[in-house]
Amino acid sequence: MSIGFAFTGKVKKPEVLIAAAKKLADERSYGFSQWEDGLNISLCPLDGRVYITWKKGSGFMGQWEVEGECQSTPAGPGLHKAAVEVLDALPIQKLNVEDEAEYYQHRDFDKMLREHFHPWLKTMVDVLTGQFSQDHTNVCMCWDLNAYTPEDVPGTVITPVGRFSGGWMREAVENRGIEALAERFFLWYHPGKRDALYNRQAALNLLWEHCYYAPSSRSQEDASNNEAICKNLEMAAMLDRSVPLPRKAYLEVCQLAGRAPALPDGPELEEEFQPGYRKGLATYSIGALRLTIPGSYRYEWEQWDENSGCDLWCDDAAQSPIWRVNGYRINQGEASFTPTLDGDNGLTELEIRDGAVRYGWRELPQEDGQTLYQVRGEVITGPSLFVITVTYLDPEERPGIEELMQKISVQARDVEKHTIQADR
């Protein structure tokens, strides 16, 4: 369930469209990327992009046929308006637009809000908070299914701009109107240029979804996130000092970035939950496997040779345990545990829904006299076997690692489609 528009049209040459799109992106400070038969113009975060592809029309003198789309939720009505204006500025002939919000036809922003974006948000709140009476601890709203899943907090809604209790969302609509909730939920709510509210929401998205709350010195990703958070909040304050801002979180990030705070005095954004999904545990999907580890750990693909490698998570700044995961799949029948762990200490086997987990630990003496430690695990589900190794320096880390091993789960329906191969 989303709001957006799709379109078709024609151009004489893709090169003309590409040049116009690049020029437009530069003029309006949008992002731009291109591939062999398409491009996108990035207007804002939360997939706020206009996607365009092309192919050669039939006939010797045939024009190039283009088609594209833009999904406006959850970024918001401001994105929808700006994306329609992108279409207006591009040299696409015989343009046909199917706009679910009908804005392309009538160009009445307030009408679009009343008839589409506000009802959409109200429906989403009603549907999602209505699930709390069932077997749900929390629910995700407009969350990227390819991203991690934040830690469970019963009775709450996970969104890209923050965690809200279902009660707070319903009360906000009942007591203050849908407009109050819309201003807090949508990234780009107002029409026209990106304003103070936009900059605050962009910072909140970074604070909640992307920030690791790690020093900028740890990685370029940390440095980029921390700097963007500070700049967005400082811009919001410059544009409108009356907009409430997450000032406590700002000071925390300034410290991580080694940056002197520069916000002028103003109101604090008071909310039920403090920003930072990654301050808690995060669950990642690796094929059918669901792995829960600290959210502060960064991911990378560790390449071993030309044909193999593994998924890896760790926190370099804290000398954390290093988690490595490999997935294998047998051609016929059900996967079973291997004899690899038979000699490990404290060997433990757990039955889980649609599978089983087995793990133990061992010491790894090094040539320099130091001892490393390793918890090794295997997970089976259907034809899939996942191998997990967690290497660590301090033996006191083991109970916490084993506790995370016990949080492992699987989604059997994903086995056929997503199992990671050893020769990835």
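Note that the numbering runs from 1 along the sequence shown for the chain.
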Identify all side-chain donor-acceptor contacts of residues 33-40 below 3.5 Å with residues at least two apart in sequence or on another chain.
{"residue": "Ser33", "atom": "OG", "partner": "Asn40", "partner atom": "OD1", "Å": "3.3"}
{"residue": "Ser33", "atom": "OG", "partner": "Asn40", "partner atom": "ND2", "Å": "2.9"}
{"residue": "Trp35", "atom": "NE1", "partner": "Asp37", "partner atom": "OD1", "Å": "3.3"}

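- Sorted by first and then second residue, the side chain to side chain donor-acceptor pair (under 3.5 Å) pairs with a member in residues 386-395 read Gln374-Thr391; sequence neighbours excluded.
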List, one per line, each side-chain donor-acceptor pair under 3.5 Å for residues 19-31, sequence neighbours excluded.
{"residue": "Lys23", "atom": "NZ", "partner": "Glu27", "partner atom": "OE2", "Å": "2.5"}

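- Contacts of Tyr277 classified as ring pair (Phe, Tyr, Trp, His ring centres under 6.0 Å), with partners at least two apart in sequence or in another chain: Trp143, Trp208.
- Judged by distance alone, the side chain of Thr129 and the main-chain N or O of Val127 form no donor-acceptor pair under 3.5 Å.
- Residues in residues 154-179 take part in these ring pair (Phe, Tyr, Trp, His ring centres under 6.0 Å) pairs, two or more places apart or across chains: Phe164-Trp168.
- Note that CD of Gln71 and OG1 of Thr73 are 5.0 Å apart. Values are rounded to the nearest 0.5 Å.
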Atom pairs and distances, side-chain donor-acceptor, residues 401-410, under 3.5 Å, sequence neighbours left out:
{"residue": "Glu402", "atom": "OE2", "partner": "Arg398", "partner atom": "NH1", "Å": "3.3"}
{"residue": "Gln406", "atom": "NE2", "partner": "Tyr359", "partner atom": "OH", "Å": "2.9"}

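- Here OG of Ser224 is found 9.5 Å from CG of Asp222. Values are rounded to the nearest 0.5 Å.
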As a quick check of understanding, evaluate side-chain contact (heavy atoms from CB on, under 4.5 Å) for Leu385 and Val379, giving each step before the final call. CA-CA 6 Å; Leu385 166 69; Val379 182; over 6 Å; no
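- Contact record, Asn205 with Pro160: ND2-O, 2.9 Å, taken as the closest heavy-atom pair.
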Show me, pair by pair, the donor-acceptor contacts under 3.5 angstrom made by side chains of residues 255-262, not counting sequence neighbours?
{"residue": "Arg259", "atom": "NE", "partner": "Glu227", "partner atom": "OE1", "Å": "3.1"}
{"residue": "Arg259", "atom": "NH1", "partner": "Glu234", "partner atom": "OE1", "Å": "3.2"}
{"residue": "Arg259", "atom": "NH1", "partner": "Glu234", "partner atom": "OE2", "Å": "2.4"}
{"residue": "Arg259", "atom": "NH2", "partner": "Glu227", "partner atom": "OE2", "Å": "3.4"}
{"residue": "Arg259", "atom": "NH2", "partner": "Glu234", "partner atom": "OE1", "Å": "3.3"}

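- Taking CG of Asp47 as the start and SG of Cys142 as the end, the distance is 11.5 Å to the nearest 0.5 Å.
- In this structure, Lys279 satisfies the cation-pi test against Tyr213, with its NZ or CZ atom closer than 6.0 Å to the six-membered ring centre and inside 45 degrees of the ring normal.
- Contact record, Ala335 with Ile380: O-CD1, 3.9 Å, taken as the closest heavy-atom pair.
- Here the side chain of Ser285 pairs no donor or acceptor atom with the backbone of Gly287 at under 3.5 angstrom.
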Could you walk me through whether Leu289 and Ile388 pass side-chain contact (heavy atoms from CB on, under 4.5 Å), step by step? CA-CA 11 Å; Leu289 179 70; Ile388 302 171; 4.3 Å; yes
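- Here ring pair (Phe, Tyr, Trp, His ring centres under 6.0 Å) pairs that include residues 222-258, with residues two or more places apart or in two chains, number zero.
- Rounding to the nearest 0.5 Å gives a distance of 7.0 Å between CD1 of Ile158 and OG1 of Thr149.
- Inspection of the Tyr299 and Asp311 side chains reveals an N or O donor paired with an N or O acceptor under 3.5 Å.
- Of all heavy-atom pairs spanning Ala101 and Ile3, the tightest one is CB-CG2, 4.0 Å.
- Within the structure, salt bridge (charged side-chain N to carboxylate O under 4.0 Å, His left out) contacts touching residues 315-328 (residues at least two apart or in different chains) are Arg218-Asp315, Glu302-Arg324.
- Here the closest non-hydrogen pair linking Arg362 and Asn345 is CA-ND2, 3.9 Å.
- For residues 175-198, the set of pairs meeting the salt bridge (charged side-chain N to carboxylate O under 4.0 Å, His left out) definition, not counting sequence neighbours, comprises Arg184-Glu271.
- Distance check: Trp54 CH2 to Ile52 CD1 gives 7.5 Å after rounding to the nearest 0.5 Å.
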Should Lys122 and Asp126 be marked as a salt bridge (charged side-chain N to carboxylate O under 4.0 Å, His left out) after you check the CA-CA gap, both sets of side-chain angles, and the distance that decides it? CA-CA 6 Å; Lys122 177 66 164 56; Asp126 291 344; 2.8 Å; yes
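- The minimum heavy-atom distance linking Leu43 with Ala83 is given by the pair CD2-N, 3.6 Å.
- Judged by distance alone, the side chain of Gln201 and the main-chain N or O of Trp188 form no donor-acceptor pair under 3.5 Å.
- A 4.5 Å side-chain heavy-atom check between Cys211 and Leu206 finds every atom pair outside the cut-off.
- Judged purely by distance below 3.5 Å, without hydrogens or angles, the side chains of Ser165 and Thr156 never pair a donor atom with an acceptor atom.
- For Phe5 and Tyr104, the ring centers sit 6.0 Å or farther from each other.
- Using cut-offs of 30° and 60° on the angle between ring planes, the pair Tyr284 and Trp313 is tilted.
- Here Glu268 does not pair with Lys248 in a salt bridge; the nearest charged N to carboxylate O distance is not below 4.0 Å.
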Taking it one step at a time, do Thr371 and Leu364 satisfy side-chain contact (heavy atoms from CB on, under 4.5 Å)? CA-CA 6 Å; Thr371 299; Leu364 300 172; 5.8 Å; no
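- The main-chain N or O of Trp304 is never found under 3.5 Å from a side-chain atom of Ser308 such that the two would form a donor-acceptor pair.
- A distance-only check finds a donor-acceptor pair linking the side chain of Arg278 to the backbone of Gly295 [under 3.5 Å].
- Checking side-chain atoms of Asp240 against main-chain N and O of Ala196 turns up no donor-acceptor pair under 3.5 Å.
- Between the Asn226 side chain and the Ala214 main chain, a donor and an acceptor come within less than 3.5 Å of each other.
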Asp144/Tyr148 under side-chain hydrogen bond (donor to acceptor under 3.5 Å, both in side chains): CA gap, chis, key distance, verdict: CA-CA 8 Å; Asp144 182 359; Tyr148 66 93; over 6 Å; no
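- In this structure, Arg163 contributes its side chain and Val157 its backbone to no donor-acceptor pair below 3.5 Å.
- Counting only residues at least two apart or on different chains, the salt bridge (charged side-chain N to carboxylate O under 4.0 Å, His left out) pairs with a member in residues 366-385 are Asp344-Arg376.
- When atom types are taken as modelled, the side chain of Glu209 and the backbone of Leu207 share no donor-acceptor pair closer than 3.5 angstrom.
- Checking side-chain atoms of Asn232 against main-chain N and O of Ala202 turns up no donor-acceptor pair under 3.5 Å.
- Taking all atoms of both residues into account, the shortest heavy-atom contact from Pro191 to Phe109 is CD-CE2, 3.4 Å.
- Applying the salt bridge (charged side-chain N to carboxylate O under 4.0 Å, His left out) test to residues at least two apart or on different chains, the pairs with a partner in residues 333-342 are Asp342-Arg358.
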